[in-house]
Structure formats: C-alpha cells, structure tokens
Amino acid sequence: MNVFADFQSRVGAVLSAIAASGRLPAGLDLTRFVVEPTRDPAHGDLATNAAMVYAKEAKAHFPNPRQLATEIAFALSEGEGVDQAEVAGPGFINIRLKPNVFEGVLRCALTADADFGKPAQKHPGKVNVEYVSANPTGPMHVGHGRGAVFGDALANLLAFAGHPVTREYYINDAGAQVDVLARSAHLRYREALGEDIGEIPAGLYPGDYLKPVGQALAKEFGASFAQKPEAEWLAPFRARAIDAMMAMIRGDLKALKVRHSVFFSERSLTTGEYGDRVGAVIRALEGKGLVYEGRLPPPKGQLPDDWEDREQTLFRSTDFGDDVDRPLKKSDGSYTYFASDIAYHQSKFDRGYHTMIDVWGADHGGYVKRMQAAVTALSGAKAHLDVKLCQLVKLVRDGAEVKMSKRGGTFVTLREVVDETGVDAARFMMLFRKNDATLEFDLAKVIEQSKDNPVFYVQYAHARCKSVIRQALAAFPRIDLSPKALAGESLDLLDDEGEAGLMKLLAQFPRQVEAAAGAHEPHRLAFYVHDLASAFHSHWNRGKDHPHLRFVNQERRDLSGARLALVTCLGLVLASGLGILGVSAPEEMR
RNA sequence: GACCCCAUAGCUCAGCUGGAUAGAGCAGCCGCCUUCUAAGCGGCAGGCCGCAGGUUCGAGUCCUGCUGGGGUCGCCA
C-alpha cells in the first residue's frame, strides 16, 4: 500500500474530471505533478503542487492557481481517509489524513511482511545491469569495489521494485592486456620451474598474485613450454591465466557479497558459436549508413608523441550527439574495444533488454556518449542505455590519503580493505553517497563502532527492534508476535506523536523504493533507513523519561500489542532496506 | 583546446527529477546511564547553497558564461 501513489491517482482523477467538464484541456500529462510528504507537519501529511503545475493550461477557467487548487482540494476532501484538504501559499494543496489511514498502512505492511514496499504490479520490462567488468589481469581495488557494490545494490533495488533483472559481468578477455597477462604468467611459470627471472620487465604485470598461476602452469605442463616460442604457449597460458584471475575476482566479489548471474566473455563475440559478431554489427551499422572510412582530427592541445594522420573505419557517433566520430578498427585492422562493446550491447538488445544500465568508473566518462550513441543506433532507438559513473574512491588512512601505485608497493586491494572493515561497513559507506560524487573512504571511520558510524547506527536500530520483541516475549509469554497476528492488534491505540511520526515514515517506504529505483539511485535507500533508524532511536529514548511510552507495558496487553506491531514493522522495513543494500540486519549487537 | 563529474555549516555529506522558513552526522558548548542495549537521546551555536546573468508564479535544483578541484581525450581496456 502506497498512500502517495494512491493520492497521485486520486488527484489525477480529479483533474481528469475537470478536463471532462471542459475546463482543462484533454490529454493532460498526469506525471508532471507530485504528491509528496510535507516538510512541515503543520502542513498536514501530504502535499501536491498539481494546481500550480497546470496553472497555464487552466488559465482560461481558473485565472490563478489557488482557484484550481480550491476545486481540487474540495474534491479530495470528500475522499475516504481525508481529514482535511486545504489550499496554502501560491496554490499548494495540503492534505491531512485520518489516523486510520496510517493504521491501515501498518496493517498492510505487517500482512505483506517482507513484500512491503514492493509495487502492486510487476514491471514487464526486463533490465540488464552490467557492473564491475574489471579486467581479468589482477585483483580488484577499492574503486572497482565501489562500482561492484553500487551495481549489486542497484540490481537488488530494481528487483525489489518489481523488474526482472539480469546481473551481468563483461569479461574483457580479448584485448592486448590479456596477452600481457599471458606473458607475465609465462615468466612466473619459468620462475616456478626454478629459473632466476630477476626483475619483472616493464610492461608486464609484476604482482605476486601471478606466482601461484605460474606454479599451476608448471605443474600442468612441466618444462615443455619453457623455451618454446610465444606462439605455442600464448593461447593456453592466456586461457588459464584468465581463468585464474577470474577465480580470484569472483572470490573478491564474494567477499563483498556482490552477485552476478551472467559472466559474458568479450572473446566469445568473435570466437563463439555465432561467429564474428563484431564484424556483423559493424556491417549492420554500415547498412544504416553509419560507418565510413575517414580521418579524425588530432586532439587539440597536447598532441600524442606518436600521432600519425591516417584513414580508419569510423562510426558516426556525432549523429547521436557525440563530439567526434569514433574508430571501430585499429591500424592493424583488429577491432577496437569500442567495436567489441557495440557487439556486446547488440547482444543485450538481441536478448530482449530495452533498458540497459552500465556501471562504470569515472575514468570511462569519455565513453558514455559514444556508447549511448551506439545503443541508439543499433536498436533503432528502441533501447535505452543509462550509464552510472561511480566517481573515484579516496582511500584515507590515519588522516592521509593512500596513493595507489602498483610499482610503489602501496597498492591496496579491495580484499585487504574488506578484511579490515567488514563487508557491512564497506558496503554501507560506499552506498551512503551519490554515485557521481567522489567518495572519501576513511578506514578509521568505517571501522569505528560508534554513533559516528552510520552502519552501526542503522544496524543497532534493527537490533533494538529485536531486543524489544525479546522483552515482550518475556513479559507476555503467550503473545503471538508473528506479523500477521500483530496486524490484528488495536492499532488505534497508537496515538502518541512519536508513534504517529514513525508510522508516517514507514508509509514512505514504498515511495522511497519507487523513487530510488526510478532514478537508479540506491543511495536514497541508505539515507532513508538512516532517517528511520534516527526516528526510532529518538522515540525509544523518550521511554526513559516517560515510562508510559515504552513499547512493552506489563499492565497494558492491548497497548503493548499495538506498539509491538509498530516495532515489528520497523524491524521489517529496516531489514528490507538493509537487504537491498546488501547489509546484514543483526538480531543483536553484542 | 574539447568533453564528463563535483562545488551547500569549520569537516564529511543529504536535499525526494522546480516548491513553502535549506537539513543530518562529526568537531565545539550544555545536559541525560538504578531505565525495553548509552553502539543511544535532548538542547545551543554554526549558511552571500563557488561567482555573475537568465528562464519561472517560485531556483540549492533547469539554461548560459566565468572561477576552482577531479577525471578523460585515435591504434588501453
């Protein structure tokens, strides 16, 4: 039950009725106005700006917005559950609801249990969320972790909001970097065979994490490839090294509780059962007149040292708002990463996804326009790609930023950070921020188990709910505390201001889910559960000075029942919210 | 030179797709543990929302131009 959606349609119905009477134009876009919680409780429970939004269209019959607002307010005030609807300011309509509306929400929430907050009907459109897609050449770092957690939480959120969601990882196993990986592995292989390899040459991956790969290769192949030319061992070494790297990355992801349902290999685009799909997509775009042989102007300002002007195969991304056309083939005729990525997104489209979300690091910002251009082109504008860029993570230890350098040995892996902070804290902190703002990840603060730390603050609120319930069981050994039974309690006894505030906040959960899912912004849920936790802690503490406000009251079985319904619902929504974020909701904090 | 992101309290950040008097948490100051867990709560103080224009009944939010910080710019993915 979503009271905001309910009133959105009620207001819409009133507007339609006025339109039917000829005093508003037909075919109004009813998504333009909003019904939202009031900021000031004195304004009632809900407010809508509908009269102001349609002021222009209404001008002929309603010279000013307040007149339209008056008519809408009158119609709304007749509706069920409405205590009063009045016009305020320039044309707001403030609605005060009868208390039984929130009792109804609470009852619904308890009945729905873990399904509370999900929309009434599922969305038909399936969504593809691609995230992480770190190169299989080494362990993940903290920046990857942010994108991973963001994508995972976003996928959880969309699934909760009723979308069929596919969680996808694109394995970049086709470019030059995996050949470098294979050569690096070959070096470690020779090392494992007892050879002194000395310093790792520049251009190869120096990390120790390749030593076990070399040992495994030595065990499998013996010395047979030690002195052989690269052509003989490159392919098998590459395949095994990639597998080993992906196993490591999957381990890193598991440590962060990040899940994927599909791992899509870039290499399969050219070598798989469907043949050369990159070539096919280029030909398809060619057929649409979007591919040509041409020359690109050199970048202005700093010219690359090895710049040479030459003709290459280009995609007309400028037709779709990009700054310049983008190359599809390298000088040696092989495909660019962009070309592969077009084929990959073609595959998503072919698999029926018209909504695609890619989660990338900030360093890929320059690729957004061209990729969106490509998706528009290949789908004939039928598919939409939203790219969520996660800005950089600034890792702070002891008040100073940790500069990442693979060579300098100050490279901090994601796994090290997660081992230090715990999954819950790491995930929550990464989600307690907009994706497009840089994230300061202060290890000391993330680990701190105190009120400074929002993770524990929210988890404590959940644990406190459970604690109250344990107390209740001690006080009323025979009470049925299942949500469904609690829904039958006398909820009209919840007449305290703090209790009413909590119920109103709980009623916002479905709206928060809908808004966060619609905007692809999981952080909104993190802030919502934090707000909810804050309101709960606050109310709980009022029970110190005012014992009659405590949830459990031995003398009042009926009142306790109603309050336990409230606290159970709080626990339920906190658990749902934390669940979407992928953070555990503990029974107790000890 | 171009493109993308950011700029809100001393610090770290929200601000619900344009609404009413801009909000939290730290840090500072003053209070609250004989209590359903003090990992908590209440209060005080703290603001030219980077600057300048524009659109609008109404702008922290949208547009333009600046300033400052970060990211990126053919044959790396």
Base, sugar-phosphate, or nothing for A:Arg550, non-hydrogen atoms under 4.0 angstrom?
-> base

Kindly indicate whether the side chain of A:Arg511 and the base of B:rC16 share any N or O donor-acceptor pair separated by less than 3.5 Å?
-> yes

A:Phe551-A:His539 aromatic ring centre distance below 6.0 Å | yes

If we ignore angles and hydrogens, is there a donor and acceptor under 3.5 Å between the side chains of A:Thr38 and A:Asp40?
-> no

Give one of base, sugar-phosphate or nothing for A:Lys329, where a contact means two heavy atoms less than 4.0 Å apart.
-> nothing

Pair of N/O donor and acceptor under 3.5 Å linking B:rA20 base with A:Asn49 side chain | no

Nearest-Å distance for atom pair CD/P, residues A:Glu440 and B:rC6 = 18 Å

Length of the line joining A:Phe338:CZ and B:rU72:C1', which is rounded to integer Å = 16 Å

Side chain of A:Arg433, base of B:rU12: donor and acceptor closer than 3.5 Å?
-> no

In terms of the nearest nucleotide of RNA chain B, which residue is placed more toward the 5' end: A:Asp40 or A:Ser467?
-> A:Asp40

Tell me what A:Pro327 touches on the nucleic acid: a base, only sugar-phosphate, or nothing, going by heavy atoms under 4.0 Å.
-> sugar-phosphate

Figure out the CG/P separation between A:Asn435 and B:rC4, and round it to whole Å.
-> 17 Å

Mark this stacking check for A:Phe92 against B:rG19 as yes or no, applying ring centres under 5.5 Å and ring planes under 30°.
-> no

Before accepting this row, confirm whether a basic side-chain N of the pair A:Asp323/A:Lys369 lies closer than 4.0 Å to the acidic partner's carboxylate O.
-> yes

When we call it a touch if two heavy atoms are under 4.0 Å apart, what does A:Glu266 touch: a base, just sugar-phosphate, or nothing?
-> sugar-phosphate

Rounded to whole angstrom units, what separation is found between the NZ atom of A:Lys544 and the C1' atom of B:rG42?
-> 9 Å

Intra- and inter-strand pairs of RNA chain B in dot-bracket (Watson-Crick or G-U wobble, both distances under 3.5 Å; | for another strand) = (((((((..((((.....[...)))).(((((.......))))).....(((((..]....))))))))))))....

Say you pick atom P in B:rA27 and the same atom in B:rG15; how far apart are they, in whole Å?
-> 23 Å

Rounded to the nearest angstrom, tell me the gap between atom CG in A:Asp325 and atom P in B:rG74.
-> 14 Å

Assign B:rC57 to syn or anti; the rule is syn for a glycosidic angle within 90° of 0 and anti otherwise.
-> anti

Exceeds 12 heavy-atom contacts within 6.0 angstrom, atom CD of A:Glu293 = yes

Between A:His530 and B:rA24, do the rings stack, that is, sit under 5.5 Å apart with planes less than 30° off each other?
-> no

Is there a donor and acceptor pair, one atom on the side chain of A:Arg310 and one on the base of B:rC75, closer than 3.5 Å?
-> yes

A:Tyr169/A:Tyr131 under ring-ring contact (aromatic ring centres under 6.0 Å, His included): CA gap, chis, key distance, verdict | CA-CA 6 Å; A:Tyr169 186 120; A:Tyr131 49 103; 8.4 Å; no

What is the nucleic acid contact for A:Leu392, judged by heavy atoms within less than 4.0 Å: base, sugar-phosphate only, or nothing?
-> sugar-phosphate

